[in-house]
Participant: 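Quick one: this structure, given as structure tokens, is what I'll be asking you about.
Per chain, numbering begins at 1; letters A, B, ... match sequence-line order.
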2 protein chains.
Amino acid sequence: MPKSIARTYSRYTEDALAVLASLIRSARVQQRISAQQLAERAGISRSTLQRIEKADPKCEIGIVFELASLLGIALFDASPSSGELRRYRTLQEEKLTLLPERVRQPAREVDDDF
Amino acid sequence: MPKSIARTYSRYTEDALAVLASLIRSARVQQRISAQQLAERAGISRSTLQRIEKADPKCEIGIVFELASLLGIALFDASPSSGELRRYRTLQEEKLTLLPERVRQPAREVDDDF
DNA sequence: ATAATTTGACCGTTATATGAATCATAGATT
DNA sequence: AATCTATGATTCATATAACGGTCAAATTAT
């Protein structure tokens, strides 16, 4: 991550992060699991869990999703136990194969206008 | 991330990552945006976008969500343009304030059994 | 009221994600 | 068919995410 860039995020992104963060904390508290316990089950440190529950954008998405999985939080409207996501994945990947593999800019008009 | 841990992910997590990855690629291709162009708009490098479209779990969640935002992909059933997510966020955060701030293990029975 | 544990806030270290660059391939347009 | 650009695959350098620990504060259970 060279060239330290101060990254900005859209409101939508910040809202989505905040939603997921509070869903995680709500689920954890409702299930009476301490931060330490959840972190251990997820194989992460308590400090990382802290950042996630604070909606820090700079966390590995895999870890965050794994927490959702452990806590039974639905992603893409599919609960971890339902198995729906697998089908959605297959469907979505099939759709992808129907699209062109590459995108190309339409050739510029040769006679450039002024 | 000291103590190099080989992290594992549940099927649910992998599916969710794959769904999001193919949603991103599908949207990008359908909107005829090249990887380079999208990366620039998102303020990331093309190589990072490549990893995200390959469902790599070790990417910043903020970047991934920002791509969803740019491409109009719905997170938590709310399109970026709708503004629904903001309300959902507020609601969810209010719910959180109603829960106990800490979790505590119920005290063990004093008269331990043998 | 007391006790004890959870949580928040740090900090230093280390593994690693990201950025930048290059090269080969091949798909899309003409 | 030919051209040209988009993509995939690598590699290296660097900023930083995650870890592990500590300490104080405060909430919850007794």
Participant: Taking only heavy atoms on the protein side, list every residue of residues 93-100 of chain B lying under 4.0 Å from any atom of DNA chain D, sorted numerically.
Facilitator: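 When residues 93-100 of chain B is checked for heavy atoms under 4.0 Å from DNA chain D, the hits, listed by number, are B:P100.
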
Participant: Give B:S47 one of three labels, base, sugar-phosphate or nothing, depending on what nucleic acid heavy atoms sit under 4.0 Å from its own.
Facilitator: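 If one applies the 4.0 Å heavy-atom cut-off, B:S47 turns out to touch a base.
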
Participant: Just how far, in rounded Å, is P of C:dT29 from CZ of A:R102?
Facilitator: 12 Å

Participant: Got more than 12 heavy atoms from elsewhere within 6.0 Å of NZ, B:K58?
Facilitator: yes

Participant: What's A:G62 touching, base or sugar-phosphate or nothing? Going by heavy atoms closer than 4.0 Å.
Facilitator: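 Nothing, no heavy atom under 4.0 Å.
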
Participant: What integer distance in Å separates B:E101:CD from D:dA29:P?
Facilitator: 12 Å

Participant: Would you say that more than 12 heavy atoms from the other residues, nucleotides or ligands in this model lie under 6.0 Å from the CZ of A:R7, or not?
Facilitator: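 Buried by this count: over 12 neighbours within 6.0 Å.
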
Participant: Of the listed nucleotides (C:dA28, D:dA17, D:dT7), which one gets closest to any side-chain atom of A:V103?
Facilitator: D:dT7

Participant: Out of D:dA18, C:dG19, C:dA26, which nucleotide sits closest to the side chain of A:T48?
Facilitator: D:dA18

Participant: Which heavy atom of B:A18 sits nearest to which heavy atom of A:E93, and what is that distance?
Facilitator: CB-OE2, 3.7 Å

Participant: Starting at CD of A:E53 and ending at P of C:dA9, how long is that distance when rounded to a whole Å?
Facilitator: 12 Å

Participant: Ignoring hydrogens and angles, are the base of D:dG21 and the side chain of A:R46 linked by a donor-acceptor pair under 3.5 Å?
Facilitator: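 No, the side chain and the base share no sub-3.5 Å donor-acceptor pair.
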
Participant: What is the distance from NZ of B:K58 to P of D:dT16, rounded to the nearest Å?
Facilitator: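 Checked: the NZ to P distance equals 18 Å.
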
Participant: Write down the distance between CD1 (B:I63) and P (D:dT16), rounded to a whole number of angstrom.
Facilitator: 12 Å

Participant: Taking the side chain of A:E60 as its heavy atoms from C-beta onward, which of D:dA17, D:dA6, D:dT28 lies nearest to it?
Facilitator: D:dA17

Participant: Closest approach to the side chain of A:C59, judged atom by atom: which nucleotide of D:dA18, C:dT7, C:dG27 is it?
Facilitator: D:dA18

Participant: Could you work out which one of C:dG19, D:dA17, D:dC19 sits closest to the side chain of A:R51?
Facilitator: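 Of all the options, the side chain of A:R51 is nearest to D:dA17.
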
Participant: Over all heavy atoms of both residues, which pair between B:Q92 and A:S26 is shortest? Give the atoms and the distance, please.
Facilitator: OE1-OG, 3.5 Å

Participant: Is it the case that the side chain of A:S79 and the backbone of A:S82 share a donor-acceptor pair, with hydrogens and angles ignored and the cut-off at 3.5 Å?
Facilitator: no

Participant: Quick one: B:L38 CG to D:dA6 P, roughly how many Å, whole number?
Facilitator: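 After rounding, the gap between these two atoms is 13 Å.
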
Participant: If only atom types and distance count, is the side chain of B:S69 paired as donor or acceptor with the main-chain N or O of B:F65 below 3.5 Å?
Facilitator: no

Participant: Using only atom types and a distance under 3.5 Å, with no angle test, would you say the side chain of A:R46 pairs donor to acceptor with the backbone of A:Q36?
Facilitator: no

Participant: Step by step, work out the side chain to side chain donor-acceptor pair (under 3.5 Å) result for B:E66 and A:T13.
Facilitator: CA-CA 6 Å; B:E66 192 64 23; A:T13 292; 2.6 Å; yes

Participant: Is the backbone of A:A68 close enough, under 3.5 Å, to the side chain of B:Y12 for a donor and an acceptor to pair up by distance?
Facilitator: no

Participant: Taking CZ from B:R7 and C1' from D:dA18, how many angstroms apart are they, rounded to a whole number?
Facilitator: 8 Å

Participant: Please confirm whether any donor atom in the side chain of B:Q50 sits under 3.5 Å from an acceptor in the base of D:dG8, or the reverse.
Facilitator: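 Side chain to base: pair found, below 3.5 Å.
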
Participant: Of all the nucleotides listed (C:dA9, D:dC19, C:dA4), which has the minimum atom distance to the side chain of B:R104?
Facilitator: C:dA4

Participant: Just to confirm, is there a sub-4.0 Å distance from OP1 or OP2 of D:dT16 to any side-chain nitrogen or oxygen of A:S4?
Facilitator: yes

Participant: Judged by modelled atom types alone, do B:S47 and B:S45 share a side-chain donor-acceptor pair under 3.5 Å?
Facilitator: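 Yes.
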
Participant: Identify, residue by residue, the members of residues 8-33 of chain A with a heavy atom below 4.0 Å from DNA chain D, and return them in order of residue number, or none.
Facilitator: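 A:R32, in order of number.
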
Participant: Within this structure, what is the CD1-to-C1' distance between A:I52 and C:dT7, rounded to whole angstrom?
Facilitator: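 Between C1' of C:dT7 and CD1 of A:I52: 16 Å.
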
